[in-house]
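Source: prediction; values computed, not measured. Counting convention: from 1, in listed order, for ligands and their atoms alike.
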Amino acid sequence: MLNQDKGDIKKRILTEATKLGILLNPEALLILVENYDEKSLPTILSKIAEEAKKRNSVVVSREVVTSVIGASIRAEISAGVHTHFLAKDVEDDIEILKSYEAKQVSDDLEARRQYFADRYSKISSMLRSRADMSPYYPLRKACSLPDRSEGKTIVMVYEKRENYIVVEDMDFSTKILIPRDCDKDLREKIGRLLPDSVVGVSFYVSNSKLFCRSIIFPDVPIKKFKTIEEDISVLLTSDIHYGSQKFSEKAFLRMIKWLRDGGVTEREREMSSRIKYMIIAGDLVDGVGIYPQQEKELQVRDVEKQYGGLSNLLSQIPEHIKVIVIPGNHDATLRAIPQPPIFDEYAEKLESNGNVISLSNPCMVSLHGVKFLIYHGTSMEDIATFAKNASYDRPENAMEIMLQLRHLAPVYGSRTPIIAHGRDELVIEEVPDVFHTGHVHVFRNGVYREIKLINSGTWQERTRYQEQLGIMPTPNIAAVLALKNGSVSQIRFD
Ligand SMILES: [Fe+2]
């Protein structure tokens, strides 16, 4: 909408409102401008007048306007529905391969040692199975080899600097030097290395010092994307942030309406009719007390009401569509990852719809044999800090690094809270067909070694915090993955 158009719309709304004796506060006016629809304006304004009268409000607030607009969109949504959903003809096939429950943790040094030992052991056995990891030497032995020796070792990165990396294994710690004249491939890989990640190093010995020849990532094997016989699809989304003043309820409801009736074109109607599953990769609600002064940016200031409100919206999704939800850093569960599912008292509200399945962050689910690794993505902040080619607006690069390092959140002790206790559940042990994340509010999709990478954006307009960080979200887009051929479509709802 152009600014000049907005000015005209403002005038038109104010004139109509005055005729009905309505006084709008600036925020209420802004919402009406953003949701302007010439045809429905008179009806909406008269409903606002009724609602304001009921509430004894002299000046109409944003709460009154949003409640009226929300109700009118919901009524519109309930109006149309497909006569026949193609996805309904296919039986459900969902297998939960991994979902974590809350575990007792303490600040126990031995448990933390076990955690890193588990990480090292899992990733080093992936590396040891590779043909290019021979001859292998443990780090202590590598350091005692005579000059001109060559070999491979497996290390956890403690620190990376321009000309060396400080590394350790379960027994020894040392510095490995990066030759000044190293090739582009090595420089590029060093750029991707993250603290606390486990990698192979091909080395040579010179002047009793270890020099790095190349870095060997554990990586994922190349395999063909698994397709299925049935012509059904999965809608992938995340970061709804229900309860935030910036939640784009209108666009989100438009998406639900699309799931019910498929929009205007024949192609879209068919696409919508084939949706059998929906995955929401965290930040379902905005939460309360997530960051300082958040209450000033909340439309709904009670977590229970946030989940209740979202549940009402999700209840409009056709029943045959199974909705898989996981928590993000704004949801009501423990903060550190792996996060157990959203607390029962709130998840029950969502599950009361009958078609919602609440799992942990991360989790692994098989839909008709296609494996989905679903992870909110909090560690992308650390990856953007430490890796050269990752940034908030290119989440697919961070996803690629996670797969190459076979770990969802390698960096410990930085921004991402991690449960470092006992087993390391964040190692990517099983290779997925689809890797779905959210968190950075930017829609991007890509492919890495035949794995579909989908970062599914958001339903929240740009917040003040994002303005400070220079992050430009891409709201109101959903991804639709066709399981029959692996094609990914972006559908815009703004
Ligand atoms: Fe979010």
Could you pull out all residues at least two apart from His421 that satisfy ring pair (Phe, Tyr, Trp, His ring centres under 6.0 Å)?
none
Within a distance under 2.8 Å of the Fe ion (ligand 1), the protein atoms of type N, O or S are Asp239 OD1, His241 NE2, Asp283 OD2, His441 NE2
Per the salt bridge (charged side-chain N to carboxylate O under 4.0 Å, His left out) rule, what does the pair list look like for residues 393-413, sequence neighbours excluded?
Arg192-Glu400, Arg394-Glu396, Glu396-Arg444
Classify the ring geometry between Phe493 and Trp258 as parallel (under 30°), tilted (30 to 60°) or perpendicular (over 60°).
perpendicular
Check the angle between the aromatic planes of His241 and His441 and answer parallel, tilted or perpendicular using the 30° and 60° thresholds.
perpendicular
Just to verify, what does Arg301 make a salt bridge (Lys or Arg N to Asp or Glu O under 4.0 Å) with, not counting sequence neighbours?
none
Should we say atom NZ of Lys189 is surrounded by more than 12 heavy atoms from elsewhere, each under 6.0 Å from it?
yes
